[in-house]
Structure formats: structure tokens, C-alpha cells
Undergrad: 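Right, I'll just put the structure down here and ask away after.
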Amino acid sequence: MNPMAYYNDIDFSNIFEKFHPGDHSLVCRNNILYYLGDTTSIVGSCGVTKGECINLNEFKIRTIDNQVWKLSPHLLYFNVRETVVLHNLDVNDQYSKLNQINAIASKNILNVTEESIIESFMDYYCSLKSIEPYLRNNLLDTYNRINQYVINEAKRMNSNNITQGYRIIYEKAFGELKDAVNQIDDGSSQGLGVQRTRFSGNIPKPIVPLYIPKAEEENKLNQAAFTYLFLILFIIVSTLAAVITFLLS
């Protein structure tokens with residue numbers, strides 16, 4: 001067993017028992033975190049599946065702060081899973097995917113596949129939003145980027161001529177659309193979350209809102225909702241296929 005696995009296994013066992021005594025729904029063995037609780041939806045298609053697992057790789061369990069440990073096991077697993085998956089994703093690639101979401105959402109009419117992508121993306125976003133106070137580091141950065149480049153784009157649109165995709169985005173984030181004119185986040189704590197990161201002017205502004213594909217009912221090792229969407233969008237753009245093929249990350 002490598003040193004990282006040794007310490008992660010011990011740290012997880014000790015700290016999880018401290019915050020969730022007698023609970024065995026999360027277990028870390030040989031640096032792989034297993035979710036053994038009930039299959040649970042967080043928001044819509046985004047959730048966790050009994051028996052799924054994630055290889056922690058270089059992620060250090062001891063870096064999780066006490067507030068995050070207090071999350072219920074399925075939300076704690078979701079938080080760690082997405083943090084680990086995002087760790088290996090290139091930031092520029094993430095901006096590219098958000099641009100693709102904007103491109104899809106800006107269409108006047110969506111086909112079934114495109115509508116599903118937008119809905120799944122928003123399930124992922126709303127799942128993050130449900131644990132906003134517990135988001136840290138790259139997970140918080142990703143949440144803020146979605147707010148800045150996708151959610152705010154939907155808020156800028158006139159309610160009288162908003163596209164189908166942006167309407168889905170707006171209504172999933174805020175409820176029934178009545179008047180979205182000039183409701184632009186000013187970056188304050190009263191908006192969609194305090195912006196922790198100031199983005200470089202070298203990063204191109206997205207065309208209009210992109211996403212993260214709908215998670216499978218049966219998650220496999222190292223798969224996560226955010227990775228699913230990126231892979232699906234890549235397939236749609238490159239092959240123009242009508243059917244999305246979900247791949248292992």
C-alpha cells in the first residue's frame with residue numbers, strides 16, 4: 001500500500017467515525033472511497049448510487065474541513081467525488097464546455113438530446129447550490145464559473161424572447177420566469193454566491209450558456225457527473241450524433 005493510501009484510509013476511518021459514529025455508509029480502502037448507502041438523488045438526475053466508488057489519487061482526506069465532514073454521508077461523498085474529478089480537469093477545457101452550454105441554450109429550438117443536456121446540467125448546478133456553504137477550492141471555483149458564465153447569461157435575457165434553453169436554466173435556478181430583465185449578479189453576497197476568484201481578461205467570454213451531462217443510473221469507478229457532461233458534449237459537437245454515448249472517464 002502506498003503512503004497516500006495508508007494515510008487516507010486511516011484519516012478517513014478516524015474522522016468519519018468522529019462525525020458519523022456507527023455509520024458505515026462510507027468506507028475508504030486502499031485510497032478508494034466507497035459509497036455503501038442508499039442510492040439517493042440530490043437534484044433530479046444528479047445523485048449518488050449505492051456501491052459506486054472514486055479513487056482519491058492525490059487528494060488528501062485531511063484537507064477536508066470540519067464543516068464539510070458534517071454533511072450527510074451521501075452529500076459528503078458527492079462533495080469529495082466532484083472535488084477529486086475536477087482536480088484533473090484543465091480550466092481552459094472547463095471554459096470551453098461552458099461555452100458549449102451557452103451555445104446550446106442560445107438556440108431557438110432544442111431537440112430532445114439538447115434539452116436533456118441542459119436539464120442535466122442544471123441538475124448538477126442545483127446539486128452544487130444545495131451545498132453551497134460547503135463548497136471549497138476547485139468545486140467552489142466551478143460553481144462560481146457556472147454562475148458567472150451561464151446563470152447570469154440567462155438572467156440577462158428578456159423574458160419576452162428568452163430561448164427555450166435559457167428558460168430551462170432560469171426556471172430551474174429561480175422558479176417560474178416572470179421578468180428576467182436586468183437581473184445581473186453584481187458579484188456581491190446577495191447574488192448567486194460570493195465570487196472568490198477574479199477571472200483573467202485572457203479567458204474568452206463564453207458565447208452564451210454550456211454543461212455537464214446527465215449521470216448514469218449505474219456509476220462506475222472514477223465516473224462523476226461533471227465528467228459525464230464534458231464527454232457527452234464533446235461527442236455531440238464532434239459527431240453531430242443524435243444519441244449520446246456515455247464513456248468512462
Undergrad: Hey, could you give me the CD1/CZ distance between Ile162 and Arg156, rounded to the nearest 0.5 Å?
TA: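 The distance works out to 12.5 Å.
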Undergrad: Could Arg29 and Asp9 be called an ion pair, given the rule that one side-chain N must be under 4.0 Å from one carboxylate O?
TA: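 Salt bridge between Arg29 and Asp9, a charged N being under 4.0 Å from a carboxylate O: no.
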Undergrad: Is His87 close to Asn57 at the side-chain level, that is, under 4.5 Å between some pair of heavy atoms?
TA: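 With C-beta onward as the side chain, the pair stays apart.
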Undergrad: Would you please test Thr63 and Arg136 for side-chain contact (heavy atoms from CB on, under 4.5 Å) and show each step?
TA: CA-CA 10 Å; Thr63 62; Arg136 305 287 187 270; over 6 Å; no
Undergrad: Taking the six-membered ring for Trp and the full ring for Phe, Tyr or His, determine whether the centres of Tyr143 and Tyr125 are under 6.0 Å apart.
TA: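 Ring centroids of Tyr143 and Tyr125 are less than 6.0 Å from each other.
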Undergrad: Quick one: does Asn137's side chain get under 4.5 Å of Thr83's, heavy atoms only?
TA: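 Side chain of Asn137 against side chain of Thr83, heavy atoms only: no contact under 4.5 Å found.
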Undergrad: Please check: side-chain N/O of Ser106 versus main-chain N/O of Ala103, any donor-acceptor pairing under 3.5 Å?
TA: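 It does hold such a pair.
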Undergrad: Could you tell me which residues satisfy salt bridge (charged side-chain N to carboxylate O under 4.0 Å, His left out) with Asp23, sequence neighbours excluded, listed by chain and number?
TA: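 Salt bridge (charged side-chain N to carboxylate O under 4.0 Å, His left out) list for Asp23, sorted by chain: empty.
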Undergrad: Rounded to the nearest 0.5 Å, what separation is found between the CG atom of Asn147 and the CD atom of Glu153?
TA: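 It is 13.0 Å, given to the nearest 0.5 Å.
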Undergrad: Assess whether side-chain contact (heavy atoms from CB on, under 4.5 Å) is satisfied between Ile104 and Ile117, documenting all intermediate values.
TA: CA-CA 9 Å; Ile104 293 173; Ile117 287 173; 4.2 Å; yes
Undergrad: What are the two closest heavy atoms between Thr49 and Tyr35, and how far apart are they?
TA: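 Looking at all heavy atoms of both residues, the shortest contact is O-CD2, 3.4 Å.
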Undergrad: State the CD1-CD distance between Ile146 and Gln148, to the nearest 0.5 angstrom.
TA: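 Ile146 CD1 to Gln148 CD: 11.5 Å, rounded to 0.5 Å.
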Undergrad: Can you tell me if Ser130 uses its side chain to pair, donor with acceptor, with the backbone of Ser127 under 3.5 Å?
TA: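 At least one qualifying donor-acceptor pair exists.
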Undergrad: Determine whether the aromatic ring centres of Tyr95 and Tyr149 lie less than 6.0 Å apart.
TA: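 Centroid separation for Tyr95 and Tyr149: below 6.0 Å.
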Undergrad: Which pairs pass salt bridge (charged side-chain N to carboxylate O under 4.0 Å, His left out) with one or both residues in residues 99-113, sequence neighbours excluded?
TA: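 Checked against salt bridge (charged side-chain N to carboxylate O under 4.0 Å, His left out) - neighbours excluded - the pairs reaching residues 99-113 are Lys107-Glu114.
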Undergrad: Do the non-hydrogen side-chain atoms of Leu36 and Leu26 ever get within less than 4.5 Å of each other?
TA: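 No. Closest side-chain heavy atoms not under 4.5 Å.
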Undergrad: Is the backbone of Asp38 close enough, under 3.5 Å, to the side chain of Thr40 for a donor and an acceptor to pair up by distance?
TA: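 Checking the backbone N and O of Asp38 against the side chain of Thr40, a donor-acceptor pair under 3.5 Å is found.
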Undergrad: Provide the closest heavy-atom pair for Phe59 versus Met4 in the form atom of the first, atom of the second, distance.
TA: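 Smallest heavy-atom distance, with atoms named: O-SD, 4.0 Å.
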Undergrad: Residues in ring-ring contact (aromatic ring centres under 6.0 Å, His included) with His74, at least two apart?
TA: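 Counting only residues at least two positions away or on another chain, His74 forms no ring-ring contact (aromatic ring centres under 6.0 Å, His included).
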Undergrad: Ignoring hydrogens and geometry, is there a side-chain-to-backbone donor-acceptor pair from Gln164 to Leu110 under 3.5 Å?
TA: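 Checked: pair present.
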Undergrad: I'd like to know if Lys60 and Asp11 make a salt bridge, using a cut-off of under 4.0 Å between side-chain N and carboxylate O.
TA: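 Salt bridge absent between Lys60 and Asp11.
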Undergrad: Report yes or no: do Leu71 and Phe19 belong to one cluster of Ile/Leu/Val/Met/Phe/Trp/Tyr joined by side chain heavy-atom distances under 4.5 Å?
TA: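 Linked within one cluster.
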Undergrad: Got Ile64 and Ile15 here, is their nearest side-chain heavy-atom distance under 4.5 Å?
TA: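 In short, these two side chains do not touch, never coming nearer than 4.5 Å.
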Undergrad: Nearest heavy-atom pair of His20 and Ser72: which atoms, and what distance?
TA: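 Where His20 meets Ser72 most closely, the heavy atoms are CE1-CA, 4.3 Å.
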Undergrad: Under 3.5 Å, is there a donor on one side chain and an acceptor on the other for Asp123 and Ser45?
TA: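 The criterion, which ignores hydrogens and geometry beyond distance, is satisfied for Ser45 and Asp123.
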Undergrad: Supply the atom-to-atom distance Met122 CE to Cys46 SG, rounded to the nearest 0.5 angstrom.
TA: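 Going from CE on Met122 over to SG on Cys46, the span is 12.0 Å.
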Undergrad: Working to the nearest 0.5 Å, report the span between CG of Leu86 and CG of Leu140.
TA: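 Between atom CG of Leu86 and atom CG of Leu140 there are 11.5 Å.
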Undergrad: For the atom pair CG (Asn55) and CG (Asn30), what is the distance rounded to the nearest 0.5 Å?
TA: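 Rounded to the nearest 0.5 Å, the CG-CG separation comes to 8.5 Å.
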Undergrad: For residues Asp141 and Arg145, determine if any side-chain heavy atom of one lies less than 4.5 Å from a side-chain heavy atom of the other.
TA: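 Touching, per the 4.5 Å side-chain cut-off.
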Undergrad: Scan side-chain atoms only and decide if Glu52 and Tyr77 contain a donor-acceptor pair under the 3.5 Å cut-off.
TA: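 Distance-only check passes for Glu52 and Tyr77.
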Undergrad: Run the ring-ring contact (aromatic ring centres under 6.0 Å, His included) test against Phe12 and tell me which residues pass, sequence neighbours left out.
TA: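 Once residues adjacent in sequence are excluded, the partners of Phe12 under the ring-ring contact (aromatic ring centres under 6.0 Å, His included) criterion are Phe16, Trp69.
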Undergrad: Check whether any side-chain N or O of Thr163 sits under 3.5 Å from a backbone N or O of Ala105 as a donor-acceptor pair, and report yes or no.
TA: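 Yes, the answer is positive, given that a donor and an acceptor are paired below the 3.5 Å cut-off.
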Undergrad: Not counting sequence neighbours, list each pair that qualifies as a salt bridge (charged side-chain N to carboxylate O under 4.0 Å, His left out) and has a residue in residues 66-77.
TA: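 Counting only pairs at least two positions apart or across chains, no salt bridge (charged side-chain N to carboxylate O under 4.0 Å, His left out) contact touches residues 66-77.
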Undergrad: Specify the closest pair of heavy atoms between Asn2 and Ala5, including all atoms of both residues, with the distance to one decimal.
TA: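 Reported closest heavy-atom pair: OD1-N, 2.6 Å.
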Undergrad: Using a 4.5 Å cut-off on heavy atoms from C-beta on, say whether the side chain of Leu56 contacts that of Ile32.
TA: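 Sidechains of Leu56 and Ile32: no contact.
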Undergrad: Are any of the side-chain heavy atoms of Phe78 and Leu128 separated by less than 4.5 Å?
TA: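 In short, these two side chains touch, coming nearer than 4.5 Å.
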Undergrad: Not counting sequence neighbours, which residues clear side chain to side chain donor-acceptor pair (under 3.5 Å) with Asn161? List them please.
TA: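 Partners of Asn161 under the side chain to side chain donor-acceptor pair (under 3.5 Å) test: none.
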Undergrad: Gln67 and Tyr134: side-chain donor and acceptor closer than 3.5 Å?
TA: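 Their side chains do not contain a donor-acceptor pair, so the 3.5 Å distance test is not met.
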Undergrad: List the atom of Glu115, the atom of Ile168, and the distance in Å for their closest heavy-atom pair.
TA: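 Closest pair (atom of Glu115, atom of Ile168, distance): CG-CD1, 3.7 Å.
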Undergrad: Does some side-chain heavy atom of Leu33 sit less than 4.5 Å from a side-chain heavy atom of Cys53?
TA: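 Of all side-chain heavy-atom pairs linking Leu33 with Cys53, none is under 4.5 Å.
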Undergrad: So that I can tick it off, tell me whether Lys129 and Glu132 are bridged by a salt bridge, with the cut-off set at under 4.0 angstrom between side-chain N and carboxylate O.
TA: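 So Glu132 does not pair with Lys129 through a salt bridge.
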